[in-house]
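Every value quoted in this text rests on a predicted model; they were computed, and no experiment measured them. Reminder, nothing fancy here: chain letters follow the sequence lines and each chain counts from 1.
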Number of protein chains: 2
Amino acid sequence: MSIIDAAASVFCREGFAGANIDLIAMEAGVSRQTIYNHHRDKEKLFMAVVRDLTERCNAGIFATFASFPDQPRELEADLIGFAVRMNQNCICNRDGRFLRKLIQTEGERYPELFAEWRDQGPGRTWPALAARFARLAHAGHLAVDDPDVAARQFLALANAELQTTFMLGGTPSEDEVLQSATHGVRTFLRAFGKRRSAAAVEKQALLASA
Amino acid sequence: MSIIDAAASVFCREGFAGANIDLIAMEAGVSRQTIYNHHRDKEKLFMAVVRDLTERCNAGIFATFASFPDQPRELEADLIGFAVRMNQNCICNRDGRFLRKLIQTEGERYPELFAEWRDQGPGRTWPALAARFARLAHAGHLAVDDPDVAARQFLALANAELQTTFMLGGTPSEDEVLQSATHGVRTFLRAFGKRRSAAAVEKQALLASA
DNA sequence: GACGAATTAGACAAGACTGTCTAATTTTGT
DNA sequence: ACAAAATTAGACAGTCTTGTCTAATTCGTC
């Protein structure tokens, strides 16, 4: 395991103050001196960890965005799939859990560092997701007035049933993720989905059975 | 400030490992020895803090539940008001912020303590809120199939726009809370509200003006 | 005012951690 | 194979923290 990975793990478990450099060195399989060679001190190491996690999470998020159903076949199923992927690849995975915890626990102590995270993370990802929903609405698949609000509500709904688990730092099971996403997307579509005419439904049923 | 209050404040700011008993004593305006007299050691003090916060938060939550619009006059406005009160009195206030942070930062370290919190907190409040929505649906004001899901989604929607602020431990402004609640309740009602007939709307308008 | 209980300041031992230093060893590039 | 660079183990000083102890002081109650 790399120094940064080991440090992320220990900082998350023990908090900044409780993290022990010797322990990080042990978990990373290097000597303490090597850590001090690469990163001047504990604080610099911590900042490197947050930067690394932010970058990796962003990469994961944008990769997942690429699978957004811009041209949905089955809107509900496609959005549920997207919500599940979002959860599994960006929110419930190691990097996501670690970054969330570090921001929650140490965010107030490092204002400028987390201002950077805010700009690079949510500041870039929310508009990108909102743009997807705007396109979906423009293509006539959704009745959305404010895409920014819709994007936030989409994820809030998809995660609605996972909050308690997230609180304690746990990882929801695949089933829980699927359940929450399914319920969330259904509610989302009850609010923003376009009622299809009876004719359209019949036509689709015919196409599906053919 | 009482010992427990000062301890809550310091534990939140610094984390368990980083919290300094001398600092807690100073902020509480007592000597360190007095703290050791009342609470055997740092860990016992920490547990007392979590228990106290859980109790106070629960009290606030149930007090706020009492203002749930069981017989709504204006469903949207009433639910927005409830969502705002929930946020201001239970989630954004001192106790709510502190308890959330302590659970997020130290939850994994004290499994049995936080199992207790889970039972006493979410385990009691979620069913209570779900029962309110079930009654509202039964009275014909909502079209809800699963009240538990609806309750979770209601709060998730009401807080959808406050997540980033919560992450960093900040307190959203009154305006932000109102905005988020308004958007959230509107979406909630688009999903679960019953379309009123034109006649019903006219009748209600007449009653209101009378 | 007097007596018992609670509180205080301060010293203290024991332990933990950070960050530095050194000298030896290993790895890397050529 | 050799030289430069990186890594290692271990010791070390300095600082901080917890939890205990003691003796003096204050507080509450009668």
Side-chain angles (χ1 to χ4, degrees), chain A residues 1-53 98-99 101-114 169, chain B residues 1-53 98-99 101-114 169:
Chain A
M1 187 154 35
S2 83
I3 291 176
I4 294 281
D5 286 335
S9 167
V10 174
F11 278 134
C12 278
R13 275 209 315 278
E14 317 286 347
F16 179 81
N20 182 322
I21 302 256
D22 286 319
L23 183 57
I24 295 174
M26 231 189 61
E27 290 204 13
V30 301
S31 74
R32 176 181 43 212
Q33 188 58 40
T34 300
I35 292 182
Y36 282 107
N37 286 344
H38 287 276
H39 311 275
R40 184 157 303 282
D41 57 25
K42 196 179 179 182
E43 196 165 312
K44 296 272 191 311
L45 173 61
F46 179 73
M47 304 220 174
V49 167
V50 174
R51 283 221 184 78
D52 184 69
L53 285 176
F98 281 8
L99 182 57
K101 182 144 186 192
L102 289 186
I103 286 163
Q104 286 164 349
T105 54
E106 313 292 343
E108 287 161 284
R109 198 190 309 284
Y110 302 94
E112 54 345 304
L113 177 60
F114 288 95
Chain B
M1 186 153 38
S2 82
I3 291 176
I4 294 281
D5 286 336
S9 167
V10 174
F11 278 133
C12 279
R13 276 207 316 276
E14 317 286 347
F16 180 81
N20 182 322
I21 303 257
D22 287 317
L23 183 58
I24 295 175
M26 232 189 61
E27 291 204 15
V30 301
S31 74
R32 175 181 44 213
Q33 189 58 39
T34 300
I35 292 183
Y36 281 106
N37 287 344
H38 288 281
H39 311 275
R40 185 158 302 285
D41 58 24
K42 195 178 178 181
E43 196 165 308
K44 295 272 191 314
L45 174 61
F46 179 73
M47 304 221 176
V49 166
V50 173
R51 283 221 185 78
D52 184 70
L53 285 176
F98 281 7
L99 183 57
K101 182 145 187 191
L102 289 186
I103 287 163
Q104 285 164 351
T105 54
E106 313 292 344
E108 288 161 283
R109 198 189 310 281
Y110 302 94
E112 58 341 309
L113 177 61
F114 288 95

Is there a side-chain polar atom (N or O) of [X] under 4.0 Å from OP1 or OP2 of [N]?
X	N	result
A/N37	D/dA6	no
B/T34	C/dT8	yes
B/H38	C/dT7	yes

Heavy-atom check, side chain of [X] versus side chain of [Y], under 4.5 Å:
X	Y	answer
B/L53	B/L102	yes
A/H38	A/V30	no
A/R32	A/Y36	yes
A/V49	A/D5	no

Under 3.5 Å between N/O atoms: give me all the protein pairs with nucleotides 20-29 of chain D, atom names plus distance.
residue, atom, partner, partner atom, Å
D/dC21, N4, B/Q33, OE1, 2.5

Euclidean distance, atom [atom1] of residue [X] to atom [atom2] of [N] [Å, nearest integer]:
X	N	atom1	atom2	value
B/E43	D/dT17	CD	C1'	16 Å
A/I35	C/dT20	CD1	P	14 Å
B/M26	C/dA9	CE	P	12 Å
B/L45	D/dT17	CG	P	16 Å
B/D22	D/dC16	CG	P	12 Å
A/N20	D/dT17	CG	C1'	15 Å
B/I3	C/dA6	CD1	P	14 Å
A/I21	C/dA16	CD1	P	17 Å

Self-check item: Five-pair end axes of the helix from C/dG1-D/dC30 to C/dT30-D/dA1, angle between them (10°)
Solution: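 About 40°, once rounded to a multiple of 10°.
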Going by atom type alone, with no hydrogens or angles, which donor-acceptor pairs under 3.5 Å involve a side-chain atom of residues 11-19 of chain A and a protein atom two or more places apart or on another chain?
residue, atom, partner, partner atom, Å
A/R13, NH1, A/S9, OG, 3.2
A/R13, NH2, A/E27, OE2, 2.8
A/E14, OE1, B/R109, NH1, 3.3

For [X] and [Y], which heavy atoms make the closest approach, and how far apart are they?
X	Y	result
B/K101	A/T105	NZ-O, 3.6 Å
A/S2	A/A28	O-CB, 4.0 Å
A/I3	A/L45	CG2-CD1, 4.1 Å

* **Value rounded to 0.5 Å, distance of CD1 in A/I24 from NZ in A/K42** =>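 It comes to 7.5 Å.
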Mind checking A/A19 for me? I need base, sugar-phosphate or nothing, with any heavy atom below 4.0 Å counting as a touch.
sugar-phosphate
Regarding the side chain of B/S31, the nearest nucleotide among C/dT18, C/dA9, D/dT17 is C/dA9
